[in-house]
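See below for the structure under consideration.
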Amino acid sequence: EGERVTIRPATGWLKQVAVTTGYFGDYREPNVFKRFDRMDDWNYGQALVGFGLGPRIAASVDYSHEDGRDILREGINFRLPPTVKLFTQIKFEAYQRVSGVEGNGFNASADVRWQRLVVTGGVMSVDRFYGSPLGPFNGDRYEAGTRWYSIGTFTVIPELTVQWFHTQAFATDFPINIQKRFDIVVSFNPT
């Protein structure tokens, strides 16, 4: 439970300022009504600034406090000009946990578009202590460890798409839950 205030200026290099506070916990309680009593508790805070570095470059930095841990995060996204035929963007993200159990991680990826196929491929690393005792905070597809991944979407017709997600861990010197993962999703939207 928490609150967020976001300001997005209409013009200028400053694209977004966001401040978030809340309570991060009760991991095993899915009922939001039973968690409402946490609205006046606070163990999480984040301040984020997003900005533009030109017409094709966006970046952000943030500071987060998560239940006694201080984390810095940075990201930069390069949209490539239309003259580059295959690649559409390159992205780099990183984090550093600077208090408590220190650690760091990163994600580097590139997007490729070819007719009706869009593919994102990259390498990411999440340290073993990122997240809660129940698992990482960064989604169930991206577990801890170092891994390469690919996500592809093929548009068969505008209403029908086929998507895959694949990941493979490598060079990880601690136990991880999932070494390999491969998902296929078929989506049909008749509207």
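Relative ring orientation between Tyr130 and Tyr95 is described as tilted, the plane-to-plane angle lying within the 30° to 60° band. Note on ring orientation: taking the six-membered ring where Trp is involved, the planes of His166 and Trp148 are tilted (angle from 30° to 60°).
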Take Ile178 and Glu143 through the test side-chain contact (heavy atoms from CB on, under 4.5 Å) and record every step on the way to the result.
CA-CA 7 Å; Ile178 298 174; Glu143 296 260 342; 3.9 Å; yes
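Scanning all heavy atoms of the two residues, the minimum distance from Asp127 to Phe129 falls at OD1-N, 2.9 Å. Annotation for Val123 and Phe106: closest pair O-CE1, 3.7 Å, computed over non-hydrogen atoms. Of all the heavy atoms in Ser99 and Gly68, the pair that sits closest is OG-O, 3.7 Å. Closest non-hydrogen pair, Val112 versus Thr88, comes out as N-OG1, 4.4 Å. The nearest pair of heavy atoms linking Gly52 to Lys15 is N-CG, 3.7 Å. Nearest heavy-atom pair across Pro55 and Arg79 is O-NH2, 2.5 Å.
Side chains of Gln16 and Arg8: a donor-acceptor N/O pair is present below 3.5 angstrom, by distance only. Counting only N and O atoms by type, the side chains of Thr20 and Arg4 include a donor and acceptor under 3.5 Å apart. Of the N and O atoms on the side chains of Asn189 and Ser187, not one donor lies less than 3.5 Å from an acceptor on the other residue. For the residue pair Glu74/Gln96, the side-chain donor-acceptor check at 3.5 Å is satisfied.
Contact of the Val61 side chain with the Leu72 side chain is not registered, since no non-hydrogen atoms from C-beta on lie closer than 4.5 Å. By the 4.5 Å heavy-atom criterion applied to side chains, Phe78 and Leu53 are not counted as neighbours.
Salt bridge annotation for Asp183-Arg181: present, with a cationic side-chain nitrogen under 4.0 angstrom from a carboxylate oxygen.
The backbone N or O of Thr161 lies less than 3.5 Å from no partner atom in the side chain of Arg116, so there is not a single donor-acceptor pair. Thr172 contributes a side-chain N or O that, together with a main-chain N or O of Thr146, makes up a donor-acceptor pair within less than 3.5 Å. No donor-acceptor pair under 3.5 Å is formed between the side chain of Arg147 and the backbone N or O of Met124. A donor-acceptor pair under 3.5 Å is formed between the side chain of Trp42 and the backbone N or O of Tyr44.
Connection of Ile7 to Tyr63 is not established within any shared hydrophobic cluster, with ILVMFWY side chains joined at heavy-atom distances below 4.5 Å, either directly or through further cluster members. The hydrophobic clustering, which links ILVMFWY residues whose side-chain heavy atoms are closer than 4.5 Å, places Phe182 and Leu117 together.
In this structure, the separation between NZ on Lys91 and OG1 on Thr120 is 7.5 Å, given to the nearest 0.5 Å. The distance from the CG atom of Asp70 to the CZ atom of Arg97 is 11.0 Å, given to the nearest 0.5 Å. The OG atom of Ser64 sits 8.0 Å away from the CG atom of Leu48 when rounded to the nearest 0.5 Å.
Surrounding CZ of Phe174 are more than 12 heavy atoms belonging to other residues, nucleotides or ligands, all under 6.0 Å away.
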